[in-house]
Amino acid sequence: WPSLSQGKNANSLGADIWVYDIDKNEDQKIDILLPTDRLQSRDKFVSPDDYTGEYALSPDGKQLLIGARGELFTAPTKRKGLIRQVTRSNNAREKGATFTSKGDQVLVWSDLSGEEALYLYPAKGNGVPKKLADGKGGWNFAADISPDGKLLSGSIGEVNGDQFLRVWKLEEMLAGNIQPLSEFRF
């Protein structure tokens, strides 16, 4: 029920409390924080130690790529410097991550678009990921990049259950051509 006091009207709208200042002709939503004993609903820090499942070393050996709880991070191997979050997608899970040959990008499978797809993320965590190819259903295995950075290989699951190892030119994939140079059924 509305309540009027000192030229202000307090009322509820849905689950929110609003105060209308009559003199200023302004509405203001009141933020309310209700403490709870429900431990699972509280903010908490979860150590990634028990959830680390992905790791890769950069080509120069100076960076470590770590996957924990569906997110990717880079950390210096000398324990000096910044730990950077590569992915920032709490609605997606990344897997099968590896550095490109220059170490400036990370190749990874992600369900960012709703279905698994192969993406290229900036290793420093800045910028927008580039979608390279859609997964075809089934299990998509980690992709890898040749030492010279020109070729990409990966196994993409197919709807009928067959698996194919494919090889692409990375430059052509970046341009949108996802036709493989070769493929092997297994």
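All values below come from the heavy atoms of this structure, side chains included, with hydrogens, waters and symmetry mates left out. Predicted, not measured: the structure shown is a model, and the values here were computed from it.
- Residues satisfying the side chain to side chain contact (heavy atoms under 4.5 Å, CB included) test with K29, not counting sequence neighbours, are D16, W18, D31.
- Hydrophobic cluster membership for I83: F73 (Ile, Leu, Val, Met, Phe, Trp, Tyr linked by side-chain heavy atoms under 4.5 Å, directly or transitively).
- Judged as a salt bridge (Lys or Arg N to Asp or Glu O under 4.0 Å), and not counting sequence neighbours, the contacts of K131 are D134.
- The local environment of NZ in K102 is sparse, with at most 12 non-hydrogen atoms from other residues, nucleotides or ligands closer than 6.0 Å.
- Residues satisfying the side chain to side chain contact (heavy atoms under 4.5 Å, CB included) test with L33, not counting sequence neighbours, are none.
- With sequence neighbours left out, the side chain to side chain donor-acceptor pair (under 3.5 Å) criterion links N177 to E172.
- Closest approach of P59 and G103 over heavy atoms only: CD-CA, 3.9 Å.
- Shortest non-hydrogen contact noted between E54 and A97 is OE1-N, 3.3 Å.
- L181 is not connected to L165 by any chain of hydrophobic side-chain contacts under 4.5 Å among Ile, Leu, Val, Met, Phe, Trp and Tyr, and they are in different clusters.
- Residues L152 and V167 form no side-chain contact, since every pair of their non-hydrogen atoms from C-beta on lies 4.5 Å or further apart.
- Every residue two or more places apart in sequence or in another chain was checked for a salt bridge (Lys or Arg N to Asp or Glu O under 4.0 Å) with E171, and none qualifies.
- Here CZ of R88 is found 13.5 Å from CG of L112. Values are rounded to the nearest 0.5 Å.
- By the side chain to side chain contact (heavy atoms under 4.5 Å, CB included) test, R93 pairs with D111, sequence neighbours left out.
- One distance of note links OG of S3 with CG of N11; it measures 9.5 Å at 0.5 Å rounding.
- Here R84 pairs with T74, L82, K124 under the side chain to side chain contact (heavy atoms under 4.5 Å, CB included) rule; sequence neighbours left out.
- Residue V106 is not grouped with residue L120 when hydrophobic side chains (ILVMFWY) are merged at heavy-atom distances under 4.5 angstrom, including chains of intermediate members.
- Taking the salt bridge (Lys or Arg N to Asp or Glu O under 4.0 Å) definition, one finds that R185 meets it with D162, sequence neighbours left out.
- Atom CD of E115 has 12 or fewer neighbouring heavy atoms from other residues, nucleotides or ligands inside a 6.0 Å radius.
- Looking at heavy atoms from C-beta onward, V19 lies out of side-chain contact with D27 at the 4.5 angstrom threshold.
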Show every donor-acceptor pair shorter than 3.5 Å between a side-chain atom in residues 62-72 and any protein atom, with sequence neighbours excluded, or say none if there are none.
unit_1	atom_1	unit_2	atom_2	d
E71	OE1	T87	OG1	2.6
E71	OE1	S89	N	3.4
E71	OE2	S89	N	3.3

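- Shown here for S101 and I145, the closest heavy-atom pair between the two residues is N-CG2, 4.3 Å.
- Using a 4.5 Å cut-off on side-chain heavy atoms (C-beta onward), K169 and L151 make contact.
- Other members of the cluster containing I22 are L4, Y20, with ILVMFWY side chains joined at under 4.5 Å, either directly or via other members.
- Applying the side chain to side chain donor-acceptor pair (under 3.5 Å) rule to pairs touching residues 144-153 yields S146-D148, sequence neighbours excluded.
- Taking 4.5 Å as the limit, every side-chain heavy atom of W168 sits out of range of all side-chain heavy atoms of Q179.
- The side-chain heavy atoms of S110 and Y121, taken from C-beta on, include a pair separated by under 4.5 Å.
- In the hydrophobic cluster analysis, where Ile, Leu, Val, Met, Phe, Trp and Tyr join through side-chain heavy atoms closer than 4.5 angstrom, W109 is grouped together with L174.
- Counting all heavy atoms, side chain and backbone alike, S12 lies closest to I17 at CB-CD1, 4.2 Å.
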Candidate pair D60 and F99, rule side-chain contact (heavy atoms from CB on, under 4.5 Å), full reasoning:
CA-CA 10 Å; D60 63 6; F99 280 100; over 6 Å; no
